[in-house]
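Ligands are counted one by one from 1 in listed order, and the atoms in each one are counted from 1 as well.
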Amino acid sequence: MLVLGIETSCDETAAAVLRNGNILLSNVIAGQDEVHAKYGGVVPELAGRSHVERIHAIIRQALTDARARWQDIDLIAVTAGPGLVVSLLVGLNAAKAIAFSLKKPIIGINHLEGHLLSIFLQETVAFPYLALAVSGGHTDLYRVSAFGSYKTLGRTRDDAAGESFDKVAKMLNLGYPGGPLIERAARSGNPAAHKFPRAFLENGSLDFSFSGLKTSVRRVLQNRRETGESRLSDADIAASFQEAVVDVLAAKLITACKRESVKHAVVAGGVAANGRLRQQVEAAARQNGIQVYFPKPVFCTDNAAMIACAGYHRYRQDKNHADNCLTLDAHPNLALEK
Ligand code: KG4
Ligand code: ZN
């Protein structure tokens, strides 16, 4: 079964062709970092316009790389939400047009489901497992009991982890997107140089909060500017900030695994590409007898392979699950739990 996946929920224009759920024939991703860099974050109108300019070439490239013809495609899986509506609509309308003209089934996929299942592109994980989805828009903990069965255990109350990386990178004038730039800067800094606050929240909550940490970084920078003291370098601040985020993410994932009596965990989404997070989570998991899985970095950041993968499993479970290509619509706040 050949699935064409299409993803345009934020600022990556992506298309992929996937055979039988885990044989990836092509995975084309066009980022827009250069479009948004000078604004320090994604500008929705510019993202939408950029998707429009590229979507056809990207889909064609995915077919060419896969040596597939239009008529070889058995299913089209496309991100229907959550995300920026001006971005979502571009991929969705392209997918609907293809499905309509080829008379092929189409399935609208929740972007987060793509992240949670992205691990199946490279290996099989036994259910149930806990999934930490950490991206620019989300910091969510889920119990994944089966394909299509997700229970939310915790989520961010304010900034997402990736968003806090992006905002702190902006304060340090590192550029955009902030995650990889903070990680690089942190390599030459001391993670114990400054003890930033870790928000573990009340009553053992599995929710997250990163806005206090962001404010604390702003205060430290302001103080450094005003007093002229040079004890903390930018690298020290980057490393200490990263350590605070990673500590909380790792601790909450392990707590959730114990509470749910689950022995398998997956960390997915853009922030899961972070090397320090991988190290810390792996160490904590080992100590607690938990097996943890990380998708390859290219499957962590936004891509269409994970959307094709989620579409494949959805459709295999229930062929009637396909959507109507005339009425399928974008949902910027689409929830994962039904
Ligand atoms: O999953 P993703 O590509 O897009 C969303 O769905 O949001 O995640 C993008 C986020 C950005 O905030 C980016 O700064 C962050 O993931 N990110 C990282 C790293 N690579 C990407 N954060 C920390 N360390 C990284 N190496
Ligand atoms: Zn994402």
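Among protein heavy atoms, atom 26 (N) of ligand 1 sits closest to E183 OE1, 2.8 Å. From the protein, the heavy atom lying nearest to atom 5 (C) of ligand 1 is D302 OD2, 3.4 Å. Nearest non-hydrogen protein atom to atom 12 (O) of ligand 1 is D166 OD2, 2.8 Å. Here the protein heavy atom with the shortest distance to atom 9 (C) of ligand 1 is G136 N, 3.7 Å. For atom 22 (N) of ligand 1, the closest heavy atom belonging to the protein is G179 CA, 3.2 Å. Nearest non-hydrogen protein atom to atom 21 (C) of ligand 1 is G270 O, 3.4 Å.
Side-chain atoms of D159 and S164 include no donor-acceptor pair closer than 3.5 Å.
Note on Y142 and I254: separate hydrophobic clusters, where clusters join Ile, Leu, Val, Met, Phe, Trp and Tyr whose side-chain heavy atoms are under 4.5 Å apart, directly or indirectly.
One distance of note links OG of S188 with CG of D236; it measures 8.5 Å at 0.5 Å rounding. The distance from the CG atom of D140 to the CG atom of L206 is 12.0 Å, given to the nearest 0.5 Å.
Distances below 4.0 Å separate heavy atoms of G137 from the following atoms of ligand 1: 7 (O). Set against the non-hydrogen atoms of H115, the atoms of ligand 1 under 4.0 Å away are 1 (O), 6 (O). For ligand 1, the atoms lying closer than 4.0 Å to a non-hydrogen atom of T301 are 3 (O).
Aromatic pair F196/H194: centroids less than 6.0 angstrom apart.
With hydrogens and angles disregarded, no donor-acceptor distance shorter than 3.5 Å links the side chain of Q291 to the backbone of V125. A donor-acceptor contact shorter than 3.5 Å links the side chain of K96 to the backbone of L328.
Note: F147 and F127 have perpendicular aromatic rings, judged against thresholds of 30 and 60 degrees for the angle between ring planes.
At a cut-off of 2.8 Å, H115 coordinates the Zn ion (ligand 2) through an N, O or S atom.
The shortest heavy-atom distance from C10 to ligand 1 is not under 4.0 Å.
Summary: NE2 is the N/O/S atom of H111 found nearest to the Zn ion (ligand 2). Counting just the N/O/S atoms of D302, the one with the shortest distance to the Zn ion (ligand 2) is named OD1.
Here's the thing with E12: none of its N/O atoms is less than 3.5 angstrom from an N/O atom of ligand 1.
Residue nearest to atom 15 (C) of ligand 1, selected from V134, N274, V271: V271 (by heavy-atom distance).
Only the side chain of H111 comes within 4.0 Å of ligand 1, counting heavy atoms alone; its backbone N, CA, C and O stay farther away.
Counting heavy atoms of neighbouring residues, nucleotides and ligands inside a 6.0 Å radius, atom CZ of R19 does not exceed 12 of them.
Applying the under-4.5 Å side-chain rule to Ile, Leu, Val, Met, Phe, Trp and Tyr, the cluster around L326 extends to F100.
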